[in-house]
Number of protein chains: 2
Amino acid sequence: MIRAEAADMPDDSALKTPDRLRRRASRLLSQLTTRSDRLITEGLAGADARKWHYAVLTSLQEHGPASQAELSRRSGIYRSDMVGVLNELAERDLVERAPDPDDRRRNIITISTRGRRHLRRLDKVLDDLHDELLAPLSPAERDQFVQLLTRLLDHHTRTS
Amino acid sequence: MIRAEAADMPDDSALKTPDRLRRRASRLLSQLTTRSDRLITEGLAGADARKWHYAVLTSLQEHGPASQAELSRRSGIYRSDMVGVLNELAERDLVERAPDPDDRRRNIITISTRGRRHLRRLDKVLDDLHDELLAPLSPAERDQFVQLLTRLLDHHTRTS
DNA sequence: TCCATTGCGTTAGTCCGACTAACGATGTAC
DNA sequence: GTACATCGTTAGTCGGACTAACGCAATGGA
């Protein structure tokens, strides 16, 4: 019995590095992101918002008005999806879409006063959600976590 | 002109915390994971494997044979998806599926010799891919990154 | 001993997010 | 003027997470 099943038992290399699976950064990332996304999506739903709304509104507030294509580049949202996001934001009077007189291919998107107010609310919601997301970490660790993520993401956006 | 557009310009609160969007951990996580997943998926495709193959094989090697449901719990793969993954692994003779004599509802999944060999190859592939994924980080930073991710994921699996 | 409940493997199908293709209209470079 | 690029938009693909429901087998009380 013991001998017959030996081949199925954990071997030395496994014992040397136990839980290899759980230590793979790629796997940790995707599993954590699944949970993070769910948390954020559900939290924002309570404020009649989606994460792209926040991305677009923040970008508009921080960097000023922009075309849809420019917003795509800033936020990483595909320009084909941007259409729908801006429809949702315009429906709610959070942004304004106006043709660019200097380039008639473009729309200029501008955040509205209402949009600013909404963004302030979303920022609070997201602060709370991130508190929940990062609960186990100390403030210093949270900073470090964000820093590490930023460096990794920067590296992989440069090299692609 | 200046006064008319003032409402559209970045305001003080934005200047105090620039690039708020890029600092949100949730956003960093999802964007980085998108890239990480693509990297891993493409890398494993070159070895005729998918990430679940690795998850299942590793689990079998480290913790021994198990039922499909047990593997689901270990790896986080839904039991409805596990069926297909095990079909792929069995097709390639990397695992064996045998009915459990003690509980006829169960299949007992065992890793094969061929499966062990394949897993060793996958481990090397993944080592390289993670080198690429974590390239900007020092060894100490990589450990820390994995540690932070692990703590976060543990917290969110306990509390769900 | 019957019955209700639970867990198993499996099939089918939903939902959503990332991504591609192609369009007409407009702008730019040679 | 002609070729090419960019813009907003529509439609659709693809893959991954997840749900529902099935028949079957085991379990644990009344």
Touch class at under 4.0 angstrom, heavy-atom based, for A:S30 against every strand present: nothing

Pairwise salt bridge (charged side-chain N to carboxylate O under 4.0 Å, His left out) hits with a residue in residues 124-139 of chain A, at least two apart: A:D127-B:R24, A:D131-A:R142

Listed once per pair and sorted, the side chain to side chain donor-acceptor pair (under 3.5 Å) pairs that draw on residues 38-49 of chain B, sequence neighbours left out: B:D48-B:R92

DNA chain C contacts among residues 32-50 of chain A, heavy-atom distance under 4.0 Å: A:R50

Terminal axis angle for the helix from C:dT1-D:dA30 to C:dC30-D:dG1, five pairs an end, nearest 10 degrees: 20°

Distance in Å, B:W52 CH2 paired with B:S75 OG, rounded so as to fall on 0.5 Å steps: 11.0 Å

Qualifying salt bridge (charged side-chain N to carboxylate O under 4.0 Å, His left out) pairs, either residue in residues 146-160 of chain B, two or more places apart: A:E141-B:R151

Salt bridge (charged side-chain N to carboxylate O under 4.0 Å, His left out) involving B:D103 - partner list, sequence neighbours excluded: B:R105, B:R106

Residue list, salt bridge (charged side-chain N to carboxylate O under 4.0 Å, His left out) with A:R50, at least two apart or on another chain: A:E88

Side chain to side chain contact (heavy atoms under 4.5 Å, CB included) partners for B:H155, two or more places apart: A:A135, A:P136, B:T159

Identify each atom pair where a protein N or O and an N or O of nucleotides 22-28 of chain D are less than 3.5 Å apart, giving names and distance.
unit_1: D:dA26; atom_1: OP1; unit_2: B:R104; atom_2: N; d: 2.9

Residue B:S80, side-chain atoms from C-beta onward, closest of D:dC7, D:dT9, C:dT11: C:dT11

B:S59 OG to B:I111 CD1 distance, which is reported to the nearest 0.5 Å: 9.5 Å

Close residues, residues 81-94 of chain B, relative to DNA chain C [heavy-atom separation under 4.0 Å]: B:V83

Residues in salt bridge (charged side-chain N to carboxylate O under 4.0 Å, His left out) contact with B:R104, at least two apart in sequence or another chain: none

Side chain to side chain contact (heavy atoms under 4.5 Å, CB included) partners for B:A90, two or more places apart: B:V95

